[in-house]
Amino acid sequence: LRLVEGIANQASIAIANAQGYARSERRRREAEEVALVARRLTESLEVSQIGARIVESVRPLVKAQYSVLRVCEADGALRLVAASGPEARRFESGHIQPSGVGVMGRVVAQGGPIATADVLSDPGIQTTAEYRAHMMHSGLRALVAVPVRTKGRISGVLAVGDEAGR
């Protein structure tokens, strides 16, 4: 019995060490990706190039199918700067999303990050026919969006999306 308990204790220690190593490796990879994003941001001052670099870098970092960056217009609408993923070409650069529409519009209205497991069934998300059609066609339902701030003011929104429930 003591022998089996001793083996079980050693197995427990080995498992804990392996889990700690895996967490450490994941954090190291994430830190490397963040550093890469920072380097890419400083390589150009062109908004569309910076936006493309951001969305291309963030998508694999969070293992999302889609990422998008929009900037705020004076009237509160959101203009598409860059997108990455299978649905990236659905909207042309410069596409305008009306003020308050979708998860990104809600981020601007509320001033903070928003997460939803299914955007089409979330009663807190205002949608238009175009927005609903896009979301239904794309298969993207789970979204996380965060404000991009410049000098304390929301200047845009970065979002990532995946299948429902993620």
Main-chain N/O of [Y] paired with [X] side-chain donor or acceptor, under 3.5 Å:
X: S57; Y: R53; answer: yes
X: R141; Y: A117; answer: no
X: S67; Y: V55; answer: yes
X: R26; Y: Y21; answer: no
X: S155; Y: V148; answer: yes
X: Q97; Y: V101; answer: yes

Minimum heavy-atom separation for [X] to [Y], with atom names?
X: A83; Y: Y66; value: CB-OH, 3.8 Å
X: G112; Y: P147; value: C-CD, 3.8 Å
X: G111; Y: I154; value: CA-CD1, 3.5 Å
X: G156; Y: C72; value: N-SG, 3.8 Å
X: G124; Y: R106; value: O-CD, 3.3 Å
X: A64; Y: G161; value: CB-O, 3.6 Å

Non-hydrogen side-chain atoms of [X] and [Y] separated by less than 4.5 Å:
X: R79; Y: R70; value: no
X: D122; Y: D118; value: no
X: V144; Y: P113; value: no
X: I54; Y: L158; value: yes
X: T116; Y: V103; value: yes
X: L120; Y: M136; value: yes
X: L69; Y: V157; value: no
X: M135; Y: L140; value: yes

>> Distance check, rounded to the nearest 0.5 Å: T127 atom OG1 versus R132 atom CZ?
In response: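 Output value for this atom pair is 4.5 Å.
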> Rounded to the nearest 0.5 Å, how far apart are OG of S138 and CD of E163?
Replying inline: 11.5 Å
> In chain order, what residues pass the side-chain contact (heavy atoms from CB on, under 4.5 Å) check against P60, with sequence neighbours excluded?
Replying inline: none
>> For I13, give me all partners under side-chain contact (heavy atoms from CB on, under 4.5 Å), at least two apart in sequence or on another chain.
In response: Q10, N17
> Mind checking whether I96 and V108 sit in one hydrophobic cluster, side chains of I, L, V, M, F, W, Y counted as touching below 4.5 Å?
Replying inline: no
>> For R28, is the CZ atom crowded, meaning more than 12 foreign heavy atoms sit under 6.0 Å from it?
In response: yes
